[in-house]
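Taking it in order: structure first as structure tokens, then the write-up.
Every number for a ligand or one of its atoms is a count from 1 in the order of the listing. What's counted below: heavy atoms across the whole structure, side chains too, no hydrogens, waters or symmetry copies.
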Amino acid sequence: MFQVQDLVTYGVWDFVVNVLIFAALAVPLFLLFWKFYKKKFQSRRIQSKPSNSTASIREEIKHSMVTLIIFTLVDVLIYLTQLKGYTKIYTNVNDYGWPYLICSVLIIIILHDTIYYFLHRLMHHPKIYYIIHKVHHESTDPSPFAAFSFHPLEALLESIPYVIFAFLLPVHLVALWAWQIIQITFNIIAHLGYEIYPKGFNTHWLFRFKTPSTHHNMHHAKVRGNYGLYFTWWDKIFKTEFPEYNQTYEELQEKIAEGKTSNHHALKHITDTPFKITEKTGTFS
Ligand SMILES: [Zn+2]
Ligand SMILES: [Zn+2]
């Protein structure tokens with residue numbers, strides 16, 4: 001029989017671990033790209049405007065911390081239901097074997113990407129956007145700290161895949177942890193503000209289905225389109241990928257190859273003509 005004190009202790013430790021994982025990835029990347037080697041990486045910068053203000057980065061950190069608190073509460077709830085035997089989480093690898101464990105991580109990633117794509121499109125419905133998703137889009141030029149910069153309700157919605165996996169899919173704890181680390185890493189890279197993927201990535205037979213940083217950065221700059229999280233296939237299937245995505249990526253790669261540090265051409269069409277959201281009607285134009 002569990003004690004309330006045990007749940008509180010679990011919650012505190014879980015929150016500390018969540019923050020540490022997030023910080024261990026976001027802080028070094030932020031310091032590297034946004035502070036110490038800003039000039040060195042200037043050619044890799046995706047948007048042509050000056051870096052974000054300290055105030056907006058502070059907001060991103062604040063919202064991300066609230067998100068981590070909500071993720072922790074969901075973790076505690078799942079832990080509690082696991083104790084009562086309601087979840088499909090298992091801890092003995094031999095129950096399903098290593099091949100299944102490894103495959104389950106891939107399945108989780110593909111399912112998460114699918115759920116996220118449709119959830120994300122739903123959150124862009126004008127009636128929902130202003131209540132839930134606008135907080136994330138306050139970052140038009142995101143920094144690594146924007147990865148979890150959500151409204152509390154969005155943080156709850158973002159937990160849906162976790163709940164689905166815990167209750168519907170036999171999933172080993174290690175698989176869940178591996179997925180968490182992979183998704184946080186990709187998420188932070190997507191919000192890096194700098195492109196770290198190589199030339200030709202967008203046209204490679206396989207990698208063209210993986211989202212480089214530019215893909216999600218364009219979503220932040222334009223407020224719609226490029227909705228995918230890990231992969232580009234749902235955007236390609238539903239034709240929600242920006243037609244100028246490839247050109248943007250390739251022009252940025254040219255800039256990187258030439259080592260140009262000046263802010264210029266490549267992403268002008270992002271920052272010069274952002275989509276405007278009509279506040280009154282809530283429609284995108
Ligand atoms: Zn969005
Ligand atoms: Zn984002």
Next item on the list: Tell me whether H137 has at least one N, O or S atom under 2.8 Å from the Zn ion (ligand 2).
Entry: no
Note to self: I'd like to know: is the Zn ion (ligand 2) within the 2.8 Å range of an N/O/S atom from H219, strictly under that distance?
What the structure shows: no
Notebook entry, point to check: Can you say whether the rings of F30 and W34 are parallel (under 30°), tilted (30 to 60°) or perpendicular (over 60°)?
Noted result: parallel
Note to self: Does this structure show an ion pair linking R45 with D141, if we count only N-O contacts that are shorter than 4.0 Å?
What the structure shows: yes
Checklist line | Electrostatic pair E241-K236, nearest N-O below 4.0 angstrom | finding: yes
Item checked: Rounded to 10 degrees, the angle NE2 of H216 makes with NE2 of H136 at the Zn ion (ligand 2) ->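 NE2 of H216 and NE2 of H136 make an angle of 150° at the Zn ion (ligand 2), to the nearest 10°.
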Notebook entry, point to check: What do you reckon, is NZ of K210 surrounded by more than 12 foreign heavy atoms closer than 6.0 Å?
Noted result: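 Enclosed: over 12 neighbouring heavy atoms sit under 6.0 Å from NZ of K210.
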Next item on the list: Tell me whether H120 has at least one N, O or S atom under 2.8 Å from the Zn ion (ligand 1).
Entry: yes
Margin query: Taking N, O or S atoms only and a limit of 2.8 Å, check whether H124 reaches the Zn ion (ligand 1).
Written below: yes
Item checked: Donor-acceptor side-chain pairing of H133 and H124 below 3.5 angstrom -> yes
